Structure formats: structure tokens, C-alpha cells
J.: 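Here you go, one structure.
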Amino acid sequence: MGLSQRRLTLVGFSVHAFTALGAIAGLLSLAAILDGRIQEGLIWLIVCQVLDGFDGPIARKWDVKTHAPQINGHTLDLVVDYVTCVVVPVVLMIQLKMLLEGWEITIAGLILFTSALWFARSDQETDDHFFNGFPASWNLVIPSFLILDVSHRGILIISVIICIVQLTTIKFPHLVKVRTLRPLTLSITTIYFTAMTVLSLEFPNGPDELKPILIIGPAYVVGLAIWKTFFTKSEEEELV
């Protein structure tokens, strides 16, 4: 027997609440970072990623758009993601003085600025589940800088490049939904997040043998983005 409409509505709002929990996890991460408990801050960022990874599939399974339409799940997700994927990692960057002296506010402000513009894009995702521009995943980039002990100058240069790329139409894959090379992408994504989780849980003494995975994973994503952007036909070209 199917659920009643009242119960389906309750389920829908419960899924929205599940998404909103990401904001609380982000707050806990932020509090830990400001208090100098960096390992705990990294762990709460992992929790944010887990919540973000599960809420979408759950929402689609229960069709919350139909059963709880009073809350726009996409907008809610964007609000939470801006906090957890951008604001908290940027605070981590500033708090640990990861940038060249005198550049902290400039680079942090640039990240916040370009990320805000990216989250407001009307062309964020293509029909075949590629993002236009780097999808503001600073919650992966900045912890990787920290774990890999990237130099101040290297962080500055890479951050500026990423900020510029956020505003382009270079196609970055949605790591869960994209169909192109799906088995390989999911395998690399699983290995990457496992390594990131272990290294965060054991920071700053995580196993060195896992650290190259934090380079290989992004390198694969960049390679796939270059291939999709420059070596395949766009949907418009295919229709001609």
C-alpha cells in the first residue's frame, strides 16, 4: 500500500530538513576551525559532503518537488553549498595563513566573489550533467592544499586560475550523475573520497601513500573536462 499524501508531504519536508542539516555541519566545521581544532573542522567538512551526496538521490526518489513544493530544494541546496563549499573552506585558508602575506583578503574575496556568481548561473549544468565552469568545490580544493602542504605561492596561483575557470564554459563532470565514462568516473571518485576521508580523519599524520590520490583524482576530472570541452561536439552542433 502506498503512502498517504500527508505522509508523502512529511517525507518531502524531512528530505528538505536533511539538506538543511548541511548548514549546521558547516557551522560546526567553522567553529572547530576558528577554535584551532583543524582535524575536527576537516571531519565536519566530510560530513557536509556526505549529506550533499545523499540528499539529491533521496529527493528524486521521493519526488519532493511534487510533495513538498513550498520549499525549493535546488535553492536550498545552493544556499547550503555556498556556506559549506565556499565560506567555511575560505575561513580555513585565512585562519591557517595559507596565502602569501598581504594577499589573504584579495584571494579570499576573489573566491567568494566568483563563487557567488557561479552559484547564480542560469546555465550551471548541461543536460548531460556537466557543469559550466568549475563548480565551486573549494571544500575539496582548500583541504587538499592543506593536506598536501602546497606552498603559499602555489596556492595563490592555483586559486586565481580556478576563480577564472569558474566563470567559463569549460565542462566539468558531475561526478555522480554524468554518464560519460561512468564506471571509471565513479571508481576514481570513490577512491578519491575514501583517501580524502582517511587523510582528514588522521590529519596531520595521515598515510603519505594516499596523498598522491588527491592529485590523481582532480587530474582525471580536469582531463575529462578538457576532453568534453574541446574535443567533443556541443549539443547544438550535434543537432545541425
Side-chain angles (χ1 to χ4, degrees), residues 17-55 77-116 118-119 134-163 166 191-218:
F18 181 79
T19 300
L21 284 176
I24 297 176
L27 174 63
L28 293 171
S29 178
L30 181 61
I33 291 167
L34 292 175
D35 197 38
R37 293 175 281 115
I38 305 305
Q39 181 190 46
E40 184 178 333
L42 293 175
I43 292 171
W44 278 114
L45 279 179
I46 294 293
V47 172
C48 292
Q49 293 171 31
V50 172
L51 293 173
D52 187 46
F54 280 100
D55 66 348
D77 193 54
L78 293 179
V79 171
V80 173
D81 282 354
Y82 188 75
V83 173
T84 61
C85 298
V86 183
V87 175
V88 175
V90 166
V91 172
L92 173 66
M93 176 183 277
I94 294 175
Q95 186 74 2
L96 295 186
K97 303 184 185 304
M98 295 169 64
L99 290 162
L100 290 171
E101 186 176 355
W103 285 88
E104 296 93 341
I105 298 302
T106 300
I107 299 303
L110 182 63
I111 292 172
L112 293 173
F113 175 75
T114 56
S115 296
W118 186 85
F119 274 107
F134 176 75
S137 301
W138 293 97
N139 57 326
L140 300 177
V141 173
I142 293 175
S144 293
F145 287 157
L146 178 62
I147 292 170
L148 296 175
D149 195 24
V150 179
S151 70
H152 291 349
R153 189 174 301 277
I155 291 173
L156 187 150
I157 293 171
I158 295 171
S159 295
V160 170
I161 292 172
I162 292 175
C163 285
Q166 280 188 140
I191 294 170
Y192 172 83
F193 278 107
T194 300
M196 176 64 83
T197 300
V198 172
L199 289 166
S200 296
L201 288 170
E202 300 187 16
F203 180 82
N205 301 311
D208 289 338
E209 57 268 24
L210 291 182
K211 292 182 179 179
I213 297 174
L214 300 190
I215 300 174
I216 295 171

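Just so we're clear, the structure is a prediction, and the values are computed from it rather than from any experiment.
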J.: With D149, which residues qualify under salt bridge (charged side-chain N to carboxylate O under 4.0 Å, His left out), at least two apart?
T.: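 Partners of D149 by the salt bridge (charged side-chain N to carboxylate O under 4.0 Å, His left out) criterion come out as none, since no residue qualifies.
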J.: Atom CG in L30, atom CD in Q95: separation rounded to 0.5 Å?
T.: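 Going from the CG atom of L30 to the CD atom of Q95 covers 9.0 Å.
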J.: Kindly state each residue pair satisfying side-chain hydrogen bond (donor to acceptor under 3.5 Å, both in side chains) with at least one member in residues 135-146, sequence neighbours excluded.
T.: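 Only S115-W138, W138-Q166 qualify under side-chain hydrogen bond (donor to acceptor under 3.5 Å, both in side chains).
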J.: Please give me the minimum heavy-atom distance between G217 and Y192, naming the atom from each residue.
T.: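 So the minimum-distance heavy-atom pair works out to CA-CD1, 4.1 Å.
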J.: Tell me every residue that passes side chain to side chain donor-acceptor pair (under 3.5 Å) with T197, counting only those two or more places apart in sequence or in another chain.
T.: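 Checked T197 against side chain to side chain donor-acceptor pair (under 3.5 Å); zero matches.
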J.: Do any side-chain atoms of residues 36-50 form donor-acceptor pairs under 3.5 angstrom with protein atoms, and if so which ones, sequence neighbours left out?
T.:
unit_1 : atom_1 : unit_2 : atom_2 : d
R37    : NE     : D35    : OD2    : 2.8
R37    : NH1    : E40    : OE1    : 2.5
R37    : NH1    : E40    : OE2    : 2.7
Q39    : NE2    : L201   : O      : 2.4
Q39    : NE2    : F203   : O      : 3.4

J.: Under a 4.5 Å cut-off applied to non-hydrogen side-chain atoms, are L140 and P89 in contact?
T.: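 L140 vs P89: side chains apart.
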J.: With a 4.5 Å limit on heavy-atom distance, are the side chains of T19 and L51 in contact?
T.: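 Counting from C-beta outward, T19 and L51 never come under 4.5 Å.
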J.: Measure the spacing between SG of C85 and CH2 of W118 and express it to the nearest 0.5 Å.
T.: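 CH2 of W118 is found 9.0 Å from SG of C85.
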J.: Between the side chain of S29 and the main-chain N/O of A25, is any donor-acceptor distance below 3.5 Å?
T.: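 Absent.
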J.: In Å and rounded to the nearest 0.5 Å, what is the NZ to CD1 distance from K97 to I94?
T.: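 Here the interatomic distance stands at 10.0 Å.
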J.: What distance do I157 atom CD1 and I162 atom CD1 have between them, rounded to the nearest 0.5 Å?
T.: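 The CD1 atom of I162 is 12.0 Å from CD1 of I157, to the nearest 0.5 Å.
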J.: Nearest heavy-atom pair of G102 and T106: which atoms, and what distance?
T.: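 Smallest interatomic distance, heavy atoms only, reads O-OG1, 4.4 Å.
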J.: Checking F193 now: which residues fulfil ring pair (Phe, Tyr, Trp, His ring centres under 6.0 Å) with it, not counting sequence neighbours?
T.: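 In terms of ring pair (Phe, Tyr, Trp, His ring centres under 6.0 Å), with neighbours along the sequence ignored, F193 is linked to no residue.
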J.: Return all side-chain donor-acceptor pairs below 3.5 angstrom for residues 204-216, not counting sequence neighbours, or 'none' if the list is empty.
T.:
unit_1 : atom_1 : unit_2 : atom_2 : d
D208   : OD1    : K211   : NZ     : 3.2

J.: To check you understand the geometry: which heavy-atom pair defines the closest contact between V90 and A108, and what is its length?
T.: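 Between these two residues, the closest heavy atoms are CG1-CB, 3.6 Å.
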J.: Would you please name every residue forming a side chain to side chain contact (heavy atoms under 4.5 Å, CB included) with L100, sequence neighbours left out?
T.: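 By the side chain to side chain contact (heavy atoms under 4.5 Å, CB included) rule, L100 matches W103, H152, R153, L156.
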J.: Could you pull out all residues at least two apart from D52 that satisfy side chain to side chain contact (heavy atoms under 4.5 Å, CB included)?
T.: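 Side chain to side chain contact (heavy atoms under 4.5 Å, CB included) check on D52 returns D55, D77, D81.
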J.: Name all residues meeting the side chain to side chain contact (heavy atoms under 4.5 Å, CB included) criterion together with V150; count only those two or more places apart in sequence or in a different chain, and write none if there are none.
T.: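 V150 satisfies side chain to side chain contact (heavy atoms under 4.5 Å, CB included) with F145, L148, I155 only.
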J.: List in chain and number order the residues that pass side chain to side chain donor-acceptor pair (under 3.5 Å) with S159, two or more places apart in sequence or in another chain; answer none if no residue qualifies.
T.: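 S159: no side chain to side chain donor-acceptor pair (under 3.5 Å) contacts found.
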J.: Search all heavy atoms of L92 against all heavy atoms of M98 and return the closest pair with its distance.
T.: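 Smallest heavy-atom distance, with atoms named: O-SD, 4.0 Å.
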